2 protein chains.
Amino acid sequence: MPTISDVARLAGLSRATVSRVINNHPYVSDAKKELVLKAMRDLGYIPNSAAQNLRKQKTNIIAVLVPKLTNPFFAYLVESIEEKAAENGLQILICNTKYDKKRELEFLRYLKTKQVDGVIMTSIENGWEVIEAVIWSGPIVLCNEYSAKANVPSVRLNQLQGGYMGTSYLLNQGYTKIGYCWGGILSGLAHDRFFGFEQAMTESGLSVNNNWLFESAFSIEDGRRIMNEIAKMADKPNALFTGSDEVAAGIISEAKKLGLRVPEDIAVVGFDDQPISEVIEPALTTIRQPIKEIGAKTMEVMINLLSNEEKTTAKIYELPLELIARESS
Amino acid sequence: MPTISDVARLAGLSRATVSRVINNHPYVSDAKKELVLKAMRDLGYIPNSAAQNLRKQKTNIIAVLVPKLTNPFFAYLVESIEEKAAENGLQILICNTKYDKKRELEFLRYLKTKQVDGVIMTSIENGWEVIEAVIWSGPIVLCNEYSAKANVPSVRLNQLQGGYMGTSYLLNQGYTKIGYCWGGILSGLAHDRFFGFEQAMTESGLSVNNNWLFESAFSIEDGRRIMNEIAKMADKPNALFTGSDEVAAGIISEAKKLGLRVPEDIAVVGFDDQPISEVIEPALTTIRQPIKEIGAKTMEVMINLLSNEEKTTAKIYELPLELIARESS
DNA sequence: CTGAAAGCGCTAACAG
DNA sequence: CTGTTAGCGCTTTCAG
């Protein structure tokens with residue numbers, strides 16, 4: 001493995017000059033530059049990034065924390081973030097927290113070990129106090145997530161609007177016995193969405209039925225479970241706002257198994273507009289999140305933070321959602 | 001940001017001793033160790049990984065190249081690889097090549113820049129000659145992929161068996177007009193699978209109909225497109241081996257739109273046993289790949305390579321596939 | 001425009 | 001068991 005010294009020796013120049021060529025500095029004569037380039041080629045030289053990172057005190061890597069990589073929403077989000085990162089000469093390090101506090105903390109440590117220059121969090125598992133302890137080591141940007149206490153920028157979707165939109169749609173279709181599925185923790189985002197649901201209900205003079213609030217709803221399997229719970233109820237909801245296409249898919253699939261018709265017996269609204277929502281039958285009414293836009297915006301904010309053009313504040317960037325009406329409600 | 005020197009100073013010891021504590025070396029008296037630990041705590045010290053990487057000439061990071069992160073198969077595969085990596089104190093760097101030669105090459109460079117200690121490739125875009133040029137910088141392991149020319153270990157599934165199994169199943173169900181969908185490039189893996197298809201056909205005294213070979217089949221959309229092509233044919237296949245659950249889902253969904261019955265009018269076999277296959281209607285007959293096992297095995301081989309217990313050879317580890325019979329055929 | 005020199009923060013002989 | 005010393009490979013003043 002040739003080093004910069006080998007290149008310098010072969011080119012008959014100093015390491016400083018070679019370094020200048022590597023980093024595209026001005027003030028290197030074309031002649032010497034050619035010499036260096038040739039030597040680099042001849043030796044198959046590639047700069048060692050650990051050395052560069054150490055010396056420059058930066059890595060050009062941004063950690064992107066996601067709670068579940070196998071959730072298409074996050075897979076697409078990561079893709080959009082990566083795209084914007086690449087455009088700006090940055091690399092991303094995908095960190096799959098699996099909704100686990102400890103794992104999240106380990107990844108946040110990367111900021112302190114200088115393995116990454118910044119962190120984008122697409123979910124928050126730990127309390128903000130814990131996260132705050134890390135932040136002075138580098139910028140953090142929240143994406144599709146927020147915490148009331150967080151004093152960092154966050155780029156997110158208008159979840160309140162999402163909850164309101166989905167619920168209103170059901171109400172307009174004439175459903176009044178509406179159930180609600182959610183993950184289980186009323187973190188900022190989930191809270192807003194629920195608030196939107198509540199608001200739409202209230203405005204229609206309806207109240208929320210606590211028996212129809214289903215938690216721990218994440219996966220297709222959870223959807224099936226919830227549908228079975230509903231089937232056993234004496235007083236059943238006739239519509240569900242699920243907060244996730246996967247959960248919605250599970251509900252629809254199980255409902256059909258149970259001999260129920262969707263949307264006649266039970267209407268369903270998903271969230272995300274994932275590929276599955278077009279393929280399932282009946283096709284899913286869902287709420288599309290502008291994934292590309294949110295990813296790009298998040299990276300943009302991060303880049304500004306890194307270049308100190310912007311300083312860390314709790315600024316919120318909010319993007320709109322869109323309801324995609326299909327057949328399930 | 002405190003450094004090792006700050007810790008040493010505060011503890012009244014040398015940097016060497018602090019380093020020993022950091023790295024859990026034996027031969028540090030408990031008393032001094034306590035002193036160091038306390039100093040580290042008091043300062044909030046965390047070792048700088050760029051410095052460690054430079055000094056140790058290794059990063060404990062393995063790059064995992066995947067062609068498409070939004071494909072659930074790869075998302076799950078990455079998860080299983082990560083799990084095994086974490087168990088062994090390794091970190092993975094997920095690299096999304098997007099089926100792009102140039103991106104693949106950029107990621108392979110990480111091996112030369114010493115950003116990673118090894119590379120796991122779950123697809124190959126470039127010719128092997130190109131890849132070979134990189135390999136002396138560190139170990140490469142192929143996962144669910146192989147190249148005839150590759151002189152590195154590969155952990156893969158028996159695709160020939162997969163192609164054979166899916167086709168035989170269709171034949172046993174009485175279908176004889178069987179079409180075949182594939183990505184478009186007959187790389188090792190795809191070739192084996194096709195060969196299995198051919199073999200099953202031949203054994204049944206059937207020949208492959210070239211009109212029913214559909215290429216560029218990757219996504220749900222592609223499935224829809226193919227189904228529409230079929231609808232226009234005078235002589236139509238009555239069964240399809242798709243090589244992908246996504247494509248199969250697209251085909252089924254579109255077939256129903258066209259008023260066709262699945263499997264009566266057209267039977268479909270998928271590949272991967274992705275979540276979608278259970279939710280779509282009719283549920284998809286598909287071929288399950290042991291993702292957990294293949295990921296774990298791949299990492300195991302990588303770890304042996306890194307520890308020099310094993311040297312790089314073209315050894316092949318092959319895992320079996322399993323047919324999951326459902327309703328689509 | 002170019003080179004010499006001084007580290008970035010850490011680890012690993014080696015000597016004691 | 002502990003400290004001294006010599007770098008890992010690169011970049012960046014500072015002179016010239």
Side-chain angles (χ1 to χ4, degrees), chain A residues 1-37 39-40 43-61 89 109-117 137-138, chain B residues 1-37 39-40 43-61 89 109-117 137-138:
Chain A
M1 200 87 257
T3 73
I4 198 171
S5 299
D6 299 325
V7 178
R9 203 172 309 124
L10 183 60
L13 293 163
S14 73
R15 293 178 339 195
T17 303
V18 177
S19 173
R20 290 195 185 95
V21 173
I22 295 171
N23 294 283
N24 277 312
H25 274 288
Y27 307 137
V28 183
S29 69
D30 287 351
K32 312 238 156 168
K33 188 169 180 175
E34 228 5 278
L35 236 44
V36 170
L37 256 20
M40 285 180 20
L43 291 168
Y45 167 78
I46 302 212
N48 176 310
S49 34
Q52 289 181 313
N53 293 344
L54 175 58
R55 183 58 231 240
K56 295 190 180 163
Q57 299 285 36
K58 72 173 185 175
T59 60
N60 290 324
I61 301 178
R109 262 178 63 108
Y110 290 175
L111 208 51
K112 309 196 80 160
T113 61
K114 295 293 164 202
Q115 233 178 105
V116 302
D117 296 342
S137 310
Chain B
M1 202 84 258
T3 72
I4 199 171
S5 299
D6 299 324
V7 178
R9 204 174 308 123
L10 183 60
L13 294 164
S14 74
R15 294 182 332 196
T17 304
V18 177
S19 172
R20 290 196 185 95
V21 173
I22 295 172
N23 294 285
N24 279 314
H25 275 286
Y27 307 137
V28 184
S29 71
D30 286 352
K32 312 241 158 171
K33 186 168 181 177
E34 228 4 277
L35 235 47
V36 170
L37 255 20
M40 284 178 23
L43 290 168
Y45 167 78
I46 301 212
N48 177 310
S49 36
Q52 291 181 312
N53 292 345
L54 176 57
R55 183 59 233 242
K56 296 190 180 165
Q57 298 286 34
K58 73 173 182 173
T59 60
N60 290 324
I61 301 176
R109 262 178 63 107
Y110 289 175
L111 207 52
K112 309 196 79 158
T113 62
K114 294 293 164 201
Q115 239 179 101
V116 301
D117 296 342
S137 311

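Bear in mind that the values here come from a model prediction, so they are computed numbers and not experimental data. Here is how names work: the chains are called A, B, and so on, in the same order as the sequence lines, proteins then strands, and each is numbered from 1.
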Between A/Ala51 and B/Lys56, which has a closest nucleotide on DNA chain C that is more 5'? A/Ala51

Would you check if there is a donor-acceptor pair between the side chains of [Y] and [X] at a distance under 3.5 Å?
X	Y	value
A/Asn23	A/Lys56	yes
B/Thr59	B/Asn53	no
B/Lys33	B/Asn24	no

5'-most contact on DNA chain D: A/Met1 or A/His25, nearest heavy atom basis? A/Met1

Per nearest nucleotide of DNA chain D, the residue lying toward the 5' end, B/Leu54 or B/Tyr27, is B/Tyr27

Would you mind reading off the distance between [X] atom [atom1] and [N] atom [atom2], rounded to a whole angstrom?
X	N	atom1	atom2	answer
B/Asn48	C/dG7	CG	P	18 Å
A/Gln52	C/dG9	CD	P	17 Å
B/Lys58	C/dC10	NZ	C1'	15 Å
B/Gln57	C/dA12	CD	C1'	13 Å
A/Arg9	C/dT2	CZ	P	20 Å
B/Arg20	C/dG9	CZ	P	21 Å
B/Ile4	C/dC8	CD1	C1'	13 Å
A/Arg55	C/dA5	CZ	C1'	11 Å

Distance from [X] atom [atom1] to [Y] atom [atom2], nearest 0.5 Å?
X	Y	atom1	atom2	value
A/Lys114	A/Lys58	NZ	NZ	12.0 Å
A/Asn48	A/Arg55	CG	CZ	14.5 Å
B/Arg9	B/Leu43	CZ	CG	9.5 Å
B/Leu13	B/Arg20	CG	CZ	10.5 Å

Report which part of the nucleic acid [X] touches: base, sugar-phosphate, or nothing (heavy-atom distance under 4.0 Å, all strands).
X	answer
A/Thr17	sugar-phosphate
B/Lys114	nothing
A/Asn23	sugar-phosphate
B/Pro26	nothing

Chain B vs DNA chain D, heavy-atom contacts under 4.0 Å, first-to-last nucleotide span, 5' to 3', is D/dC1 to D/dG9

So, OP1 or OP2 of C/dC10: does either fall under 4.0 Å of a side-chain N or O from B/Tyr45? yes

